[in-house]
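Below: one structure, written as structure tokens.
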Amino acid sequence: MSYLYRLSCCAWGCSKGDHILEWLAGRVVNQAMAAHRLVRAGNYDEALMLIWGMGEAANLLWLFMSDKTGLAAWKTASHKERMDAFGPATVRRRLEKLLGGNVIPIDQERYQRLCEVGTHPIPGFRPGHFSGTGRPVVGGIMQQVGVFVCMTELGYALSMCSLPLARMIDIPDEAKKTMTGDGKAILNDLGAFTILNYEELLRKSMERVDNSRA
């Protein structure tokens, strides 16, 4: 976070360019700080909505890093052209081709789950459902699994944004090395509860509790 903040503010010197990448970095930093505040307040669905936005930025940044013409085209595109060529689904498909067999930062499954939990209303969805009881939780009430999921997804999204930004923006080599190393370290140390599996892990945990009481 500290390195991304400094990168967005030209702390290592101004490149005198158009600052588009720096502004993207600043957007990610603001979303990350806001998401962290929401986690501390017990608003986990709302935090995941911001993390979903960070995921869109991550995929764009990986596209720009992998396709040298992508950033220039994105800068000059009209609104319709951006929607057609740089919409979330299109960016994911382009990344799948560019990265081959490698996993893209925010794949379709993760993107869809973040949308369903934090962004788009869907039938039957219970708000704040991280307790394992199946009951909705309204208001800022502490739920451990909500913290686990949000902090894992926040660390993942931050790392996926920092890795391409460290390569594309002109900063000192030592800063690049630290951002890259820390980003990879975070990815290696993420928790077990993610947006993809927390319901299954919660179910198994609740089953163990029930069995221990039997």
Side-chain angles (χ1 to χ4, degrees), residues 1-36 48-108 110-111 114 151-190:
M1 279 286 292
S2 174
Y3 274 81
L4 277 176
Y5 181 92
R6 283 179 272 176
L7 184 151
S8 70
C9 298
C10 299
W12 291 285
C14 182
S15 63
K16 309 298 183 182
D18 57 21
H19 290 84
I20 297 297
L21 288 176
E22 287 85 352
W23 292 342
L24 268 177
R27 178 188 180 95
V28 169
V29 168
N30 282 342
Q31 288 176 324
M33 290 193 294
H36 190 258
L48 290 167
M49 178 174 63
L50 291 170
I51 294 167
W52 167 77
M54 294 169 62
E56 281 203 14
N59 277 359
L60 265 181
L61 289 167
W62 278 78
L63 176 65
F64 298 156
M65 181 178 68
S66 305
D67 179 2
K68 303 306 180 184
T69 66
L71 180 58
W74 184 70
K75 289 179 183 180
T76 59
S78 65
H79 174 76
K80 185 180 185 308
E81 289 169 340
R82 281 199 308 276
M83 293 301 99
D84 291 342
F86 297 98
T90 304
V91 169
R92 287 197 304 273
R93 287 194 293 268
R94 292 173 66 181
L95 279 175
E96 288 169 358
K97 292 180 179 179
L98 288 167
L99 300 181
N102 296 320
V103 177
I104 68 172
I106 309 297
D107 62 18
Q108 183 175 358
R110 184 173 241 109
Y111 184 88
L114 287 169
M151 294 308 295
T152 297
E153 293 299 326
L154 181 58
Y156 182 79
L158 270 174
S159 297
M160 285 300 180
C161 289
S162 68
L163 292 172
L165 282 168
R167 291 184 58 180
M168 290 190 292
I169 295 181
D170 187 20
I171 57 176
D173 289 342
E174 188 61 32
K176 286 181 181 288
K177 181 179 178 181
T178 300
M179 283 186 67
T180 301
D182 287 355
K184 292 179 179 178
I186 290 172
L187 291 175
N188 290 331
D189 292 335
L190 292 175

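- Not one N or O on the side chain of Lys184 forms a donor-acceptor pair closer than 3.5 Å with the backbone of Ser159.
- With rounding to the nearest 0.5 Å, the separation of CE in Met151 from NE2 in His36 is 4.0 Å.
- Partners of Tyr156 under the ring-ring contact (aromatic ring centres under 6.0 Å, His included) rule, at least two apart in sequence or in another chain, do not exist in this structure.
- Between Tyr111 atom OH and Asn59 atom CG the span is 9.0 Å, to the nearest 0.5 Å.
- Qualifying side-chain contact (heavy atoms from CB on, under 4.5 Å) partners for Met65, counting only residues two or more places apart in sequence or in other chains: Trp62, Pro164, Arg167, Met168.
- A heavy-atom distance below 4.5 Å is found between the side chains of Ser66 and Leu99.
- Annotation: side chain to side chain donor-acceptor pair (under 3.5 Å) contacts of Glu81 (sequence neighbours excluded): Ser78.
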Verdict with supporting geometry, Ile106 and Trp52, side chain to side chain contact (heavy atoms under 4.5 Å, CB included): CA-CA 9 Å; Ile106 309 297; Trp52 167 77; over 6 Å; no
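- The side chain to side chain donor-acceptor pair (under 3.5 Å) check on Lys80 picks up Asp84, with sequence neighbours excluded.
- The CZ atom of Arg110 sits 11.0 Å away from atom CD1 of Ile104, with the distance rounded to the nearest 0.5 Å.
- Partners of Lys68 by salt bridge (charged side-chain N to carboxylate O under 4.0 Å, His left out), not counting sequence neighbours: none found.
- Residues Gln31 and Gly53 approach most closely at OE1-C, 3.8 Å, considering heavy atoms.
- With sequence neighbours excluded, the residues satisfying side-chain contact (heavy atoms from CB on, under 4.5 Å) with Leu4 are Val28, Val29, Leu158, Ser162, Leu165, Met179.
- Residues Leu71 and Leu21 meet the side-chain proximity criterion, which asks for heavy atoms closer than 4.5 Å.
- Applying the salt bridge (charged side-chain N to carboxylate O under 4.0 Å, His left out) criterion to Arg92, with sequence neighbours excluded, gives no partner residue.
- Applying the salt bridge (charged side-chain N to carboxylate O under 4.0 Å, His left out) criterion to Asp67, with sequence neighbours excluded, gives Arg94.
- With hydrogens and angles disregarded, no donor-acceptor distance shorter than 3.5 Å links the side chain of Thr90 to the backbone of Phe86.
- Residue pairs that meet the side-chain hydrogen bond (donor to acceptor under 3.5 Å, both in side chains) test with at least one member in residues 4-28, sequence neighbours left out, are Ser2-Arg6, Asp18-Lys75.
- The salt bridge (Lys or Arg N to Asp or Glu O under 4.0 Å) pairs that include a residue from residues 51-66 number zero, where partners must be two or more places apart or lie in different chains.
- Listed here is the closest heavy atom pair of Leu50 and Ala35: CD1-N, 3.6 Å.
- In plain terms, the two heavy atoms of Ala32 and Met1 that are nearest each other are CB-SD, 3.5 Å.
- For Asp170, the salt bridge (charged side-chain N to carboxylate O under 4.0 Å, His left out) test picks out no residue, with sequence neighbours left out.
- With contacts defined as side-chain heavy-atom distances shorter than 4.5 Å, the pair Met160/Met54 does not qualify.
- In this structure, Leu154 and Leu48 have side chains that are not in contact, with every pair of non-hydrogen atoms separated by 4.5 Å or more.
- The shortest side-chain heavy-atom distance between Leu163 and Leu187 falls under the 4.5 Å cut-off.
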